[in-house]
Amino acid sequence: MYEANAAVVGTVVNHPAKRELPNGDQVLTFRMASNSRRLDQATGEWVDNGTLFLTVTCWRRLAAGAEASLRRGDPVIVYGQLRSVEYRTKDGVDRRDLEMRASAVGPDLGRCTAQVTRWSEVRNTQDRFGAEPRGPGGEPLTSGGQAPTLGGEVQMPNGDGLGENVAAPPAASPRSIHPEHADA
């Protein structure tokens, strides 16, 4: 099966849902919408030119980071493998849905701001100094010197280096999300 890799810029349209598989793997799923806009030369106004909806799945470490970071309405950039899935509804209607198995998810910094907390920074602070990890504003990232918890479970992905960044909204200040596209 041939799969296309693509980057899609859009907005999270539902609350991401995480589930754990029997083998222990975590998977997070959410829907996103990407609006195509163009400048109408006759009127000089931006015109919506259709919306692409797709289902995004994040696996393992990416699922943990996306769950801690994403909320409905967040502007995101998602990169991964695109595939078309055909299915039949309960009413017997044949449908086709576009899905993406994400390999990277991040905030669209043209439409919001974000702070980054690396998994390795949290682990190194805790492991080396035995101190409670703190965020950039000095607020505790955890309680009782434990790793960040998601859904009551300790979540500490293994490994250091690239691919461990987790985008998180600023804790003290509200996000600045602009409904207009950055180029508008």
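Only this structure's heavy atoms are used, side chains among them; waters, hydrogens and symmetry mates stay out.
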Trainee: List for me each residue that meets side chain to side chain donor-acceptor pair (under 3.5 Å) alongside Thr11, sequence neighbours excluded, and say none if there are none.
Mentor: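 With neighbours one apart ignored, the set is Arg111.
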Trainee: Going by an N to O cut-off under 4.0 Å, is there a salt bridge joining Glu99 and Arg83?
Mentor: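 The answer is no: the pair does not qualify as a salt bridge.
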Trainee: May I ask you to list the residues sharing a hydrophobic cluster with Leu21, side-chain cutoff 4.5 Å, ordered by chain and number?
Mentor: Val27, Trp59
Trainee: Only counting residues at least two apart or in another chain, list the ones meeting side chain to side chain contact (heavy atoms under 4.5 Å, CB included) with Asn5.
Mentor: Tyr79, Gln81
Trainee: Run the side chain to side chain contact (heavy atoms under 4.5 Å, CB included) test against Thr43 and tell me which residues pass, sequence neighbours left out.
Mentor: Asp40, Glu45
Trainee: Where do Arg88 and Asp94 come nearest, in terms of heavy atoms and distance?
Mentor: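 Closest approach of Arg88 to Asp94: NE-OD1, 2.8 Å.
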Trainee: Looking only at heavy atoms, what is the nearest atom pair of Val9 and Ser34, with distance?
Mentor: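 Between these two residues, the closest heavy atoms are O-OG, 2.7 Å.
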Trainee: Looking at residues at least two apart in the chain, or sitting in another chain, which of them share a salt bridge (charged side-chain N to carboxylate O under 4.0 Å, His left out) with Glu86?
Mentor: Arg96
Trainee: Would you please name every residue forming a side chain to side chain contact (heavy atoms under 4.5 Å, CB included) with Asp91, sequence neighbours left out?
Mentor: Thr89, Val93
Trainee: Which heavy atom of Pro107 sits nearest to which heavy atom of Ile77, and what is that distance?
Mentor: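 Here Pro107 and Ile77 meet closest at O-CD1, 4.3 Å.
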Trainee: For Arg31, which residues count as a salt bridge (charged side-chain N to carboxylate O under 4.0 Å, His left out) partner, sequence neighbours excluded?
Mentor: Asp97
Trainee: For residues Ala33 and Thr51, report the shortest heavy-atom separation together with the two atoms involved.
Mentor: CB-CG2, 3.8 Å
Trainee: For Ser103 versus Leu62, what's the shortest heavy-atom pair and its separation?
Mentor: C-CD2, 3.8 Å
Trainee: Quick one: list whatever passes salt bridge (charged side-chain N to carboxylate O under 4.0 Å, His left out) with Arg38, sequence neighbours left out.
Mentor: none
Trainee: Please find the pair of heavy atoms, one from Cys58 and one from Phe30, that lie closest to each other, and give the distance.
Mentor: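 Reported closest heavy-atom pair: SG-CE2, 4.0 Å.
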Trainee: Check side chain to side chain contact (heavy atoms under 4.5 Å, CB included) between Leu54 and all other residues, then give those that pass, not counting sequence neighbours.
Mentor: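 Side chain to side chain contact (heavy atoms under 4.5 Å, CB included) check on Leu54 returns Val8, Met32, Leu52, Val56, Leu82, Leu98, Met100.
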Trainee: Report the residues that fulfil salt bridge (charged side-chain N to carboxylate O under 4.0 Å, His left out) with Asp25, sequence neighbours left out, ordered by chain and then residue number.
Mentor: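 For Asp25, the residues satisfying salt bridge (charged side-chain N to carboxylate O under 4.0 Å, His left out) (neighbours in sequence not counted) are Arg60.
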Trainee: Only counting residues at least two apart or in another chain, list the ones meeting side chain to side chain donor-acceptor pair (under 3.5 Å) with Asp48.
Mentor: Arg37
Trainee: Residues two or more places apart in sequence or in another chain: which of them pass side chain to side chain donor-acceptor pair (under 3.5 Å) with Ser36?
Mentor: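 Checked Ser36 against side chain to side chain donor-acceptor pair (under 3.5 Å); zero matches.
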